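Everything numeric in this text was worked out from a predicted model, so none of it was measured.
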Amino acid sequence: MRGSWCLFVLACAAPSMAWGSMASEPGAAAPESSVPSEVQSAGEQVPAQSESSASGVTEDAVEQSKQAEVVAGPGASTTSASSTPVPADASLDEVPTARTVVTASRRQERLSETPVATEVITRAEIVASGARDASELLAAHPGLVVNQTFAGASLQVQGLGPEYVLVLVDGERVAGRVAGSVDLSRLSLEDVEQVEIVKGPSSVLYGSDAVGGVVNFITRRARRPLGGELRLAYGQLDRLDLDATGEARGESWGLRLSGGLQRRASYDLDTTDVGTSGSSLDGFDVSASGDLKNQGAMSLEASAGVSRRTQRGIDLGATGAVFDRASRDTSINSRVAPSWKLSDDASLRVEGSYSRFQRTYLRDQRRSSALDTVEQTRDQQARLGTQLDARLGERHALVVGAEALGEWLTADRLETGTGERGRGSLYAQDSWTLLTEPKLVVVPGARVDVDTQFGSAVTPRLAAKVDPLSWLTVRASYGWGYRAPGFQELLIDFENPSVGYVVRGNPDLKPERSRSFSVATEVRPTERSLLWVSAFQHSLRDMIGTSVEQGGEQQQFSYVNVARARVRGGELGLRQQFPWRLSGELAYSLTDGRDQSQERALEGQARHRLTAQVTWRHREWGLETWVRGALVGKRPFYPDTDGDGVANPYDSDAYLSLDARIAWRPREALQFFVIGSNLADAGNPTDLPIPPRSFQAGVAFRL
């Protein structure tokens with residue numbers, strides 16, 4: 001109730017506050033939309049907006065737009081080159097600019113030129129969505145599925161589970177996988193510039209875990225001489241989000257600071273018991289990043305960050321016991337990356353990073369201490385890598401690199417208490433332009449990983465891109481992938497007497513192997529339209545599954561290399577810009593996943609999924625609206641509800657998720673907004689424990 005009253009007061013106060021601001025400056029310039037959309041790749045500067053320009057567009061920006069790429073939104077696999085004219089009354093937010101990406105080839109390249117299909121979510125789209133963390137941003141993206149589990153928000157790509165998806169921040173692995181997945185709700189968005197998504201086999205450049213794809217969160221860099229942003233939102237479930245950023249830039253240096261605070265009450269989708277469906281949240285994050293470029297050939301980037309999240313909930317045991325549960329996750333990360341320009345056609349980059357994740361888990365049984373537990377988990381990762389980028393003539397763009405990765409895990413659930421391993425890698429990839437008319441680029445590449453526990457693994461890949469017509473692009477790739485078993489699968493020794501099961505690790509596990517191919521076609525019938533269609537297949541062997549043995553009153557689970565799976569499917573989508581500043585996107589995803597060892601569909605995976613998104617902006621009125629939805633088909637589940645060791649399968653109901661955001665900018669530096677989440681009120685405590693329908697109102701300032 002308190003959250004509802006605060007939401008009502010803030011929503012009612014917003015118009016009067018804004019009206020007073022407008023009345024005091026009748027000659028104020030027309031408002032801009034939320035955030036400049038001319039965001040570049042990390043470290044790339046953008047021309048500043050001219051104060052004397054009545055339309056809000058500099059001559060440099062207009063000139064730049066003549067050769068710009070129109071950045072596709074969340075469903076398009078890539079974007080096309082465009083010379084769309086800039087309207088005379090356009091704001092700088094609406095000027096398309098050339099964009100570079102780094103994830104597909106581990107080097108900067110124009111989005112339209114990358115041979116491997118890459119999807120980009122821009123900063124402007126992040127702000128327009130109102131998403132407060134990475135899980136909310138990716139929840140309705142075509143080809144991606146975000147699942148809420150006890151371990152947090154996990155990500156599936158092309159039907160493959162979170163253990164086959166590599167999550168990066170500025171190219172560095174995110175530490176702290178729990179049950180094989182990175183909790184996306186840990187990753188806040190106040191300092192994210194863009195998100196790059198590469199679907200399909202990527203072990204050729206990134207090694208283990210990149211079987212299904214890579215999601216890379218690129219952080220923001222300082223662009224203004226002095227500036228800052230502040231965003232405050234409050235709503236139902238007592239949800240509070242506070243983000244603040246500050247930046248400064250000189251001729252040869254830049255510095256950016258950011259911080260955020262998040263709070264949310266727990267929620268319960270089943271009021272017949274005292275258990276909760278979702279945990280409460282208290283968290284904060286602080287980060288700093290900088291870049292330096294001297295008069296010579298050397299430049300330097302560095303960043304560091306700290307975050308902490310505390311979650312609390314109530315669990316029910318199989319025997320009726322009630323447990324108060326709490327977990328505290330603390331993450332520390334640092335990165336330094338010097339680079340040297342060796343010549344006009346070659347550069348050398350060195351990267352060093354260290355990350356630490358620590359979880360404290362507490363379970364307190366009510367009216368008893370027999371089953372109380374306190375568990376500690378500490379995961380540390382260190383990486384040192386170097387990479388040479390070189391252009392050999394006009395037809396070859398070569399990437400050669402080496403890296404060393406170390407990981408150390410200390411956990412109460414491990415049989416030995418600790419686990420450690422190292423991995424050395426060499427990789428190379430060449431973007432070879434075979435033909436110029438029509439343009440044909442072939443990309444052979446290979447990587448060798450040597451693991452201290454599992455020996456060597458070779459993961460080659462061959463990709464190609466052809467532009468047979470000016471409005472048609474085709475991309476295809478075939479590659480090998482592998483995933484090394486995690487410490488939990490190797491060494492876990494865990495007993496849960498309240499539920500009646502034991503989990504034992506298997507140190508004799510082998511890495512999982514995969515063979516994957518994909519093909520994607522883009523059609524651009526007009527400058528305002530983009531149609532894409534894609535198909536893929538993943539074949540996995542030596543998959544790590546679980547075996548179950550009945551030992552007295554307890555079931556004993558262990559991990560074995562027995563499973564084989566095949567996942568195939570495709571996507572079909574259309575993105576269209578309409579008159580009156582209206583744009584929309586519609587995409588359909590088909591995923592057919594089979595566990596070939598048990599001859600059944602993969603658990604929790606919907607075969608059909610339809611996503612849609614609509615955005616409307618009226619610059620003169622300062623209004624912007626954004627609506628997205630996902631219609632998800634039935635999903636199979638195989639629980640053992642009676643404890644006899646035999647699955648009791650069922651199909652969940654189809655559901656609709658719907659989110660919306662409306663924003664009003666009465667002045668350039670001030671914006672009010674309201675966010676509606678899960679407007680269709682989907683969710684249930686059994687197989688879809690997502691937060692119920694809620695609203696949040698807020699205000700954003702640009703300094």
Report task. Using the six-membered ring wherever Trp is involved, compare the ring planes of H608 and Y588 and label them parallel, tilted or perpendicular (cut-offs 30° and 60°). Result -> parallel

Query raised in the report: Which salt bridge (charged side-chain N to carboxylate O under 4.0 Å, His left out) pairs, counting each pair once, include a residue from residues 134-146, with sequence neighbours left out?
Result: R132-E136, E136-R239

Query raised in the report: Under 3.5 Å, side chain of D209 to main-chain N/O of Y164, donor-acceptor pair present?
Result: no

Requested in this report: Scan side-chain atoms only and decide if D170 and T219 contain a donor-acceptor pair under the 3.5 Å cut-off.
Outcome: yes

Query raised in the report: Is a side-chain N or O of H618 found less than 3.5 angstrom from the main chain of W621, in a donor-acceptor match?
Result: yes

Requested in this report: Could you check if a side-chain atom of L230 sits within less than 4.5 angstrom of a side-chain atom of L703, using non-hydrogen atoms only?
Outcome: no

Query raised in the report: Checking salt bridge (charged side-chain N to carboxylate O under 4.0 Å, His left out) for the pair R575/E125: CA distance, chi angles, key distance, verdict?
Result: CA-CA 14 Å; R575 183 175 176 86; E125 290 166 335; 3.8 Å; yes

Query - salt bridge (Lys or Arg N to Asp or Glu O under 4.0 Å) partners for R224, two or more places apart - result: E247

Query - Criterion side chain to side chain contact (heavy atoms under 4.5 Å, CB included) on S105 and Q429, from CA distance to verdict - result: CA-CA 8 Å; S105 300; Q429 180 172 279; 3.7 Å; yes

Query - Residues forming a side-chain contact (heavy atoms from CB on, under 4.5 Å) with V523, sequence neighbours excluded - result: W471, L472, T521, P525, L531

Query raised in the report: Can any side-chain N or O of Q108 pair as donor or acceptor with the backbone N or O of V101 at less than 3.5 Å?
Result: no

Report task. Apply salt bridge (Lys or Arg N to Asp or Glu O under 4.0 Å) to K634 and list each qualifying residue two or more places apart in sequence or on a separate chain. Result -> none

Query raised in the report: Ignoring hydrogens and geometry, is there a side-chain-to-backbone donor-acceptor pair from D191 to S258 under 3.5 Å?
Result: no

Report task. Give the C-alpha distance, both sets of side-chain angles, the deciding distance and a yes or no for side chain to side chain donor-acceptor pair (under 3.5 Å) between T114 and E109. Result -> CA-CA 6 Å; T114 176; E109 57 188 351; 3.0 Å; yes

Report summary line: With sequence neighbours left out, the residues meeting side-chain contact (heavy atoms from CB on, under 4.5 Å) with S534 are A520, E571

**Report entry** Pairing residues for D243 by the salt bridge (Lys or Arg N to Asp or Glu O under 4.0 Å) criterion, not counting sequence neighbours
**Finding:** R231

Query - Counterpart residues, salt bridge (Lys or Arg N to Asp or Glu O under 4.0 Å), relative to D592 (two or more places apart) - result: R566, R568, R607

Query - Donor-acceptor pair between Q576 and S529 side chains, under 3.5 angstrom - result: yes

Requested in this report: Give a yes or no on this: more than 12 heavy atoms of other residues, nucleotides or ligands lie within 6.0 Å of atom CH2 of W432.
Outcome: no

Requested in this report: Applying ring pair (Phe, Tyr, Trp, His ring centres under 6.0 Å), name anything that partners F536, two or more places apart in sequence or on another chain.
Outcome: H538

Report task. Could you walk me through whether T103 and E196 pass the side chain to side chain donor-acceptor pair (under 3.5 Å) test, one step at a time? Result -> CA-CA 7 Å; T103 308; E196 300 177 9; 2.5 Å; yes

Query raised in the report: Quick check: does any side chain N or O of S514 sit under 3.5 Å from a backbone N or O of G481, one acting as donor and the other as acceptor?
Result: yes

Requested in this report: Mark yes or no for whether E624, through its side chain, and A663, through its backbone, hold a donor-acceptor pair below 3.5 Å.
Outcome: no

**Report entry** Donor-acceptor contact present, side-chain E585 to main-chain L574, <3.5 Å
**Finding:** no

Query - Polar side-chain atom of T615 near backbone of Q613 as donor-acceptor pair, under 3.5 Å - result: no

Requested in this report: Please list, chain by chain and in numerical order, all residues satisfying side-chain hydrogen bond (donor to acceptor under 3.5 Å, both in side chains) with N147, sequence neighbours excluded.
Outcome: none

Query - Residue list, side-chain contact (heavy atoms from CB on, under 4.5 Å) with S129, at least two apart or on another chain - result: A131, L137, W626

**Report entry** R461 to F517 six-membered ring, cation-pi geometry met (6.0 Å, 45°)
**Finding:** no

Query raised in the report: With sequence neighbours left out, what residues match N678 under side-chain hydrogen bond (donor to acceptor under 3.5 Å, both in side chains)?
Result: none

Query raised in the report: Hey, mind stepping through R635 and E603 against salt bridge (charged side-chain N to carboxylate O under 4.0 Å, His left out) and telling me if it holds?
Result: CA-CA 7 Å; R635 297 164 295 146; E603 185 173 27; over 6 Å; no

Query - Shortest non-hydrogen contact from L434 toward V442 - result: CD1-CG2, 3.3 Å

Report task. Using the test side-chain contact (heavy atoms from CB on, under 4.5 Å), find all partners of L435 that sit at least two apart in sequence or belong to another chain. Result -> L440

Requested in this report: Compute whether any side-chain donor of one residue and acceptor of the other, for D241 and Q696, lie under 3.5 angstrom apart.
Outcome: yes

Report task. Using the side chain to side chain contact (heavy atoms under 4.5 Å, CB included) rule, take L602 and V567 through it: C-alpha gap first, then chi angles, then the decisive distance, then the call. Result -> CA-CA 9 Å; L602 293 179; V567 182; 3.6 Å; yes

Report summary line: CG (D467) and NZ (K439) are apart, to the nearest 0.5 Å, by 7.0 Å

Requested in this report: Classify the side-chain pair S477/S518 by whether it contains a donor and acceptor separated by less than 3.5 Å.
Outcome: yes

Query raised in the report: Between R123 (side chain) and V192 (backbone), is there a donor-acceptor pair under 3.5 Å?
Result: yes

**Report entry** Pair R661-D659, salt bridge (charged side-chain N to carboxylate O under 4.0 Å, His left out): steps then yes or no
**Finding:** CA-CA 7 Å; R661 179 180 184 269; D659 304 313; over 6 Å; no

Report task. Establish, yes or no, whether the cationic atom of R515 lies under 6.0 Å from the six-membered ring centre of Y478 and within 45° of the ring axis. Result -> no

Report task. Could you tell me whether R702 and E229 have a side-chain N and a carboxylate O separated by less than 4.0 Å? Result -> no

Requested in this report: Show your working on side chain to side chain donor-acceptor pair (under 3.5 Å) between T473 and R524 and close with a plain yes or no.
Outcome: CA-CA 9 Å; T473 299; R524 299 172 293 276; 3.2 Å; yes

Query raised in the report: Got a second to check how far T611's OG1 is from L144's CG, nearest 0.5 Å?
Result: 9.5 Å

